[in-house]
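Some notes on the structure that comes next.
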Amino acid sequence: MRLIEAIIKPFNVDDVRSALAAAGVEGMTLTEVKGHGRQKGHTEIYRGAEYQVDMLPKIKIEVIVEDDRVEAVVAAITAAAHTGKIGDGKIFVADIDDVVRIRTGERGESAI
Amino acid sequence: MRLIEAIIKPFNVDDVRSALAAAGVEGMTLTEVKGHGRQKGHTEIYRGAEYQVDMLPKIKIEVIVEDDRVEAVVAAITAAAHTGKIGDGKIFVADIDDVVRIRTGERGESAI
Amino acid sequence: MRLIEAIIKPFNVDDVRSALAAAGVEGMTLTEVKGHGRQKGHTEIYRGAEYQVDMLPKIKIEVIVEDDRVEAVVAAITAAAHTGKIGDGKIFVADIDDVVRIRTGERGESAI
Amino acid sequence: MYFARIGRLRHLGRRSLGAHTLLAALAAILVPQTASAEIDSGATAWILTSSALVLFMTLPGLALFYGGLVRTKNVLSILMQCFALAAVVTILWLVFGYSVAFDTTGMQAGTTNLNSFIGGFSMAFLSGVTHESESGSIPTILHFVFQMTFAIITPALIVGTFAERMKFSAMLIFSAAWLILVYLPICHMTWSGDGGWFWDMGVIDFAGGIVVHITAGIAALVTCIVIGPRKGYPTTPMPPHNMTMCVTGTGMLWVGWYGFNGGSELGANGSAAMAVAVTQISAATAAFTWMCIEWIQHKQPSVLGLATGAIAGLAAVTPASGVIGPMGGLAIGFASGAICWYASTAMKQALGYDDSLDVFGVHGVGGFVGTVLAGVFGAAAFGGKGLDGSIIGQVGVQLFAAAVTAVYTAAITFGILKAVDALVGLRVEAEEESTGLDVSLHGETGYNL
Amino acid sequence: MYFARIGRLRHLGRRSLGAHTLLAALAAILVPQTASAEIDSGATAWILTSSALVLFMTLPGLALFYGGLVRTKNVLSILMQCFALAAVVTILWLVFGYSVAFDTTGMQAGTTNLNSFIGGFSMAFLSGVTHESESGSIPTILHFVFQMTFAIITPALIVGTFAERMKFSAMLIFSAAWLILVYLPICHMTWSGDGGWFWDMGVIDFAGGIVVHITAGIAALVTCIVIGPRKGYPTTPMPPHNMTMCVTGTGMLWVGWYGFNGGSELGANGSAAMAVAVTQISAATAAFTWMCIEWIQHKQPSVLGLATGAIAGLAAVTPASGVIGPMGGLAIGFASGAICWYASTAMKQALGYDDSLDVFGVHGVGGFVGTVLAGVFGAAAFGGKGLDGSIIGQVGVQLFAAAVTAVYTAAITFGILKAVDALVGLRVEAEEESTGLDVSLHGETGYNL
Amino acid sequence: MYFARIGRLRHLGRRSLGAHTLLAALAAILVPQTASAEIDSGATAWILTSSALVLFMTLPGLALFYGGLVRTKNVLSILMQCFALAAVVTILWLVFGYSVAFDTTGMQAGTTNLNSFIGGFSMAFLSGVTHESESGSIPTILHFVFQMTFAIITPALIVGTFAERMKFSAMLIFSAAWLILVYLPICHMTWSGDGGWFWDMGVIDFAGGIVVHITAGIAALVTCIVIGPRKGYPTTPMPPHNMTMCVTGTGMLWVGWYGFNGGSELGANGSAAMAVAVTQISAATAAFTWMCIEWIQHKQPSVLGLATGAIAGLAAVTPASGVIGPMGGLAIGFASGAICWYASTAMKQALGYDDSLDVFGVHGVGGFVGTVLAGVFGAAAFGGKGLDGSIIGQVGVQLFAAAVTAVYTAAITFGILKAVDALVGLRVEAEEESTGLDVSLHGETGYNL
Ligand SMILES: Nc1ncnc2c1ncn2[C@@H]1O[C@H](COP(=O)(O)OP(=O)(O)O)[C@@H](O)[C@H]1O
Ligand SMILES: Nc1ncnc2c1ncn2[C@@H]1O[C@H](COP(=O)(O)OP(=O)(O)O)[C@@H](O)[C@H]1O
Ligand SMILES: Nc1ncnc2c1ncn2[C@@H]1O[C@H](COP(=O)(O)OP(=O)(O)O)[C@@H](O)[C@H]1O
């Protein structure tokens, strides 16, 4: 099993979720994060004191899938989150050893 | 060393924490996340406009443990977070290569 | 490629970010988390009812880097986040299989 | 219609005409009334303002004070309950509430009959009341509005005890029934004038220690016991979700109380100003007292303690504010700060009931402390305006009225709760409770930050 | 300067001296004025207070009510717009606004000339107005202040319709032009006294159903259509980011409305108190009505529904509050609760415009309902103060004035929007809109919790 | 007791009886007083209201304005400090504060003796003051309450300079000592009447430019230098944690200022209304000016700038509001908007002190600007009520009083700080500072959302 972790713009979350649903992915976990990459942030000024805000709000989507669905899911996310502008985000893929469904105690792929 | 990542209902956090303490786990990291799985959400209506809220608040607990304690910890979490209802959550287990304790610079299992 | 995940005190974030910049790391993702380890928390009292608050606010920094930069990055974080007091935090290192840059579709090390 | 508070002074005067301190006050107030019962525009201006201030205490003052103290998932349910009560009580007050509370048909000084306990329907739907009707030096319709704001806040105070677990429908039915069966008669007995049961006894309750705080506090105690503790209480920590909201509400309550007590004189004069002064002194002293106790006990003074102390001091001075002087304010502030602190912390924990936001500990106990001490510090010897008789006699009367009110309120409240439980059920499902009332009852969430 | 509202009563009196209910009121008001046009300190106290209350409705009442309803990224833009309007309108009001609205040079009862539609510049920069100038029983400078608070809130109401997408510069220019070209003339026609066009027709608009709510509501409808819907509307969910903020603002609006309607009598008397009473009754009834409709429709009564209902009831009772009795309050509350609910939900969705915070559905429709019903419930038969003529005649006049105002407002608003669009562009860039106006226009973020 | 502000007018009158603009005002005010020193119910109503408004400025207005600007971890410490000061100052004011400030024993016009600088203890514990005591046209006890609200807000203003780092115990001791040693004497010299040092010089300080804003501003400057900057200042970004809270507080301050300045006339008349009008005009103009400067400088107008500008305009107009006309309001608004902007941004950064929430830049500088300009725009030539002598002479007197106050305040403040530091230490531990004062001093957290 694999963990697919996508860091995307908040604005694209709904599209990505639709794309995932279309790709047959039901389960996912979202976290509000802040990201810094090539995208430059903005300046906030409070009574003349300037603050460089270069950590921008992003959404992290984590999806665990069976190995053979990784490519489809990555493709779905890439397509839906793509705007072509700096800051579109990244996808990381990593290995997962085991999954447990707490409700039933099932383990492995059937628990996803 | 392994990372055990459990996504559970906020309501069960205290029980899970007690179970982990009982299992001898001291260190852990919690994140507020939103999750979507088989559990259906609810509808919110603001002046007649309906919003389907299907991302529900969950807590993600991350625990890094030595390999030989994985099963005990997974069992402890499963028992404590189990209510038998949809939305109880999932546990993911993955490999960790290295751990560093910043305070002392220790590395590996002794740093956990 | 590796994922370096550091859990540090919020107070040290700016120093760590500078250290990472100095080490040539541009991309990173931050999450507000709560942590529990050896550091003891504090008590809050509301109308005589005591609450033990032992989950303390921490910041999780995630950085994906090429394998050969892991040691430099770990060293940079350790140096910058070190105060020598309990609660300084931990660094976890894990393997990442693949990286995708959504904007361009690039994959692997070049996408970091 | 007979006019209550001014009657109150006249009535005191009747029995103690020799009382030096009262004479001048009577002269000032009675003379213009005898000469020609005319509206005083200054008094009218101040009671209009006071009505706005007292409404502000509920909308949004109390709603924020309470709302900040619950968990995030229930904040809207508190706001909803306070605002819905404002709507429902206004309508009830118009339909017959004001009439039943203040109609004086059949009442006569010294005579105890049915109308000593409850008014009739002669002013139902404000029948006969136009913009020209006068009550003392203000328009009758303004008396209606001012008193309405009191009728709104009293059931709203009770909301704090069953927070985070009561059904919204049950809350509405309970509150309506309680207003009719508890608030209206107690208000009538105390404030409607000559012939009223408590009134004729010479009970001092200037702005509602008995009528507002004891009734609400006792009802709260009974309700939280009947409905049972919140799921997880007391082991699960339930810290306030937004202390800044709670403190904001405290400020609004404190400021609004200037109208609550200062307006209860129904005039813009030295007595109204003195009521405001002692209100401030009591609030400050109680807040300071509570803060110091916490500082000594826990090494840390908390803003919640300071705020709760202020509310305790405000509640306690309410019945006394029209009869005491500055020293009485200090004393009542100190006593209520210390006693309400004890009631809301050690005592509550020892007895184990879940009065979630301490309605009984603060309002019930504070109202009781103030009602009793009004009988002491109202005495001229302590800088008060002077009592009809001895301090002991007055304290006896105060205790009697407080006790009768407590027993009556407890019994009727219990009855209503049982009836409502049978009718629609008092409490939400366990699932709804753990999800939070905002989503499960109102389909909304407090924050989407 | 001639004094509008008291003139209003005198004017009614002229045509219906026999009207029983009016005589006493007239006596009370006119006699002191004839004897010696002296400042009444009670009236002055109440209008000073009312001015503070109405300013409080905008700062921060309306700002919070609206601010809570938008998404986090735009909350400061709403607060900014309301506060900037307070500043800009104050300056305009001083420079010539007050003069153009209330100067009566050249006006004469029954004569329709240019000055029936617009005042002159004789009081520009408050020329000739000192602290000794009098207008009826209050100082002229106080009339300036009180009316200024109305001129501030009217364009601020419109802000809700173009929330989350309008340029700040465009908003300022639009609002200034709109105040001058729409608000000032309508205000003059309705409130400046004998010789004013609507005034001479006998139009009843006590505290601003036409002047405030219909103008703002119609302008809102036109503006949201011209500027177009928010990006993503209606498919993207845009739930309120902070319902507690919205409810806090509602409480402030509700309380402040005591000054809005109660102050519009410009005196501290029974009529002012009756205006407050019917205001409360209408707000409560409309809130309750809206809540019940939602409860039936969606099984869940929401706090946003309750709050919106209250505002609808407050807006609707505004034009009528000085002429109706309690039953009128009930009726207007019920009608506005039901009709505004329909306009803000089903109707809006059917027609598809994005009136983001329902300015038209609540204020436009509510103002219209109240303006028409003032002609019905003002009748003595319904407990009102009595009409000049028949109900049908009065309703006809009301409808005519409302329709003329709506058409005029729509046309001028459209013109201003087109001009501003040509000048600086109405709408922010798509990128700025998705980033949020707070960061992109004001360089700030609402919360760093 | 002699009554300060009315004496103020009489005193002006004494020297400039020929001044046309003053005569009528004097007639209106003095005649009833001579005829019979009677309470005016309208004035009483307005000062009761003003007291509530000024208390509202601190609870919760200022607390929210400041609280929103600090970081989340310190928000409760700000609320705590403001509320605790309200409690402590109330008690001190009762014990002897009011007496020392306003007792006039031993004072005589033109004679400079000890009592020109400080009052005695004759009214300590409100001795001799009952609900019947009168001061001009309001009850003495109301003068006590109204002035108390000023004594509360002045030390509360200083809180902003040492935010996020001062010990709570040190704050309490410092504030109490400062109130006694700085506020009481300056208040006495300026406002206690004939024989007061500044009073006899003819210093104009209508509602507290010197007494409130210059004292607080200078104390703030000294304190922030003595206590040192916050850890990390100025390199660590410390953006406001909740701008919506800050803006809410701004609205409350703005509205409350109607009572601060409008109430300082101690009457409900044209002068009070004019004070309110110029207050609004100055606030609006300063807000607009600050916004425009930012817009030009940074391309983005910020809501914090708009809000800060409004507060600067309000502070600056305070000393002048009773003597100037609308044009003076415009001028003072413009000057304070520009000058306070400079003082709070470029100047502060250049000099490097960490006046955390700009108490000096806004209140100190604003109070100074207004105090000086009162001597200019008070002149009849600029639409003011007229000066005793020439503009140059008056400005000289104003400058002298402002300078003396600044030097005296700086010296005493410095002394108190050193003493408190020796006694309990001024500053929290570094660890406590980085944890935040809420948890480390008060054991609470602002939000658990
Ligand atoms: N090396 C990295 N490690 C962790 N997170 C990263 C890394 N690089 C980028 N990110 C995350 O991805 C987001 C988008 O990166 P950015 O470089 O702005 O996008 P793009 O590659 O499309 O230009 C960042 O805000 C950050 O959260
Ligand atoms: N495939 C998945 N990938 C990532 N997170 C998941 C996945 N499936 C479930 N989750 C997380 O687990 C939570 C519980 O899943 P759900 O299907 O509702 O529970 P259950 O399996 O007990 O019915 C979800 O809300 C989501 O956060
Ligand atoms: N075994 C673990 N698994 C997950 N997170 C951990 C673990 N141990 C520590 N942490 C995280 O690291 C933080 C610092 O740990 P702590 O033991 O307090 O620090 P130190 O090792 O410097 O004394 C904790 O608050 C927690 O978030």
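Convention: sequence-line order gives letters A, B, ...; per-chain numbering from 1.
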Can you name the nearest heavy-atom pair linking B:Met55 to A:Leu30, along with the distance?
CE-CD1, 3.6 Å

So which part of A:Asp98 gets closer than 4.5 Å to some heavy atom of chain B, the side chain, the backbone, both or neither?
both

Quick check on A:Ile61 against chain B: is it the side chain, the backbone, both or neither that has a heavy atom closer than 4.5 Å?
neither

Measuring heavy-atom distances to chain B, does A:Ile64 have an atom under 4.5 Å in its side chain, in its backbone, in both, or in neither?
side chain

Can you tell which part of B:Ile8 gets under 4.5 Å to a heavy atom of chain A, answering side chain, backbone, both or neither?
side chain

Once rounded to the nearest 0.5 Å, what's the spacing between atom NZ of B:Lys60 and atom OG1 of A:Thr29?
7.0 Å

Heavy-atom pair with the smallest gap, counting every atom of B:Lys90 and A:Ile112:
NZ-C, 3.0 Å

Does the pair B:Asp54 and A:Arg17 meet the rule for a salt bridge (Lys or Arg N to Asp or Glu O under 4.0 Å), with working shown?
CA-CA 11 Å; B:Asp54 49 10; A:Arg17 287 194 50 203; 3.0 Å; yes

Given that the side chain runs from C-beta out, which part of B:Glu32 has a heavy atom under 4.5 Å from chain A: side chain, backbone, both or neither?
backbone

Look at B:Ala75, B:Gly87, B:Gly84, B:Ala6 and state which one has the largest set of heavy-atom pairs under 4.5 Å with chain A.
B:Gly84

Name the option with the most non-hydrogen atom pairs under 4.5 Å to chain B; the candidates are A:Val25, A:Val100, A:Leu3, A:Asp95.
A:Val100

When you check the gap from the basic side-chain N to the acidic O, do A:Arg107 and B:Glu71 get nearer than 4.0 Å?
yes

Rounded to the nearest 0.5 Å, what separation is found between the CZ atom of A:Arg101 and the CZ atom of B:Arg38?
4.0 Å

Ignoring hydrogens and angles, tell me if any N or O in the side chain of B:His36 forms a donor-acceptor pair with the backbone of A:Gly27 under 3.5 Å.
no

If we define contacts as heavy-atom pairs under 4.5 Å, which of A:Glu106, A:Met1, A:Glu62 has the most with chain B?
A:Glu62

If I compare all heavy atoms of A:Ile102 with all of B:Thr78, which pair ends up nearest, and what's the gap?
CG2-O, 3.8 Å

Minimum heavy-atom separation for A:Asp97 and B:Arg2, please, with both atom names.
OD2-NH1, 3.1 Å

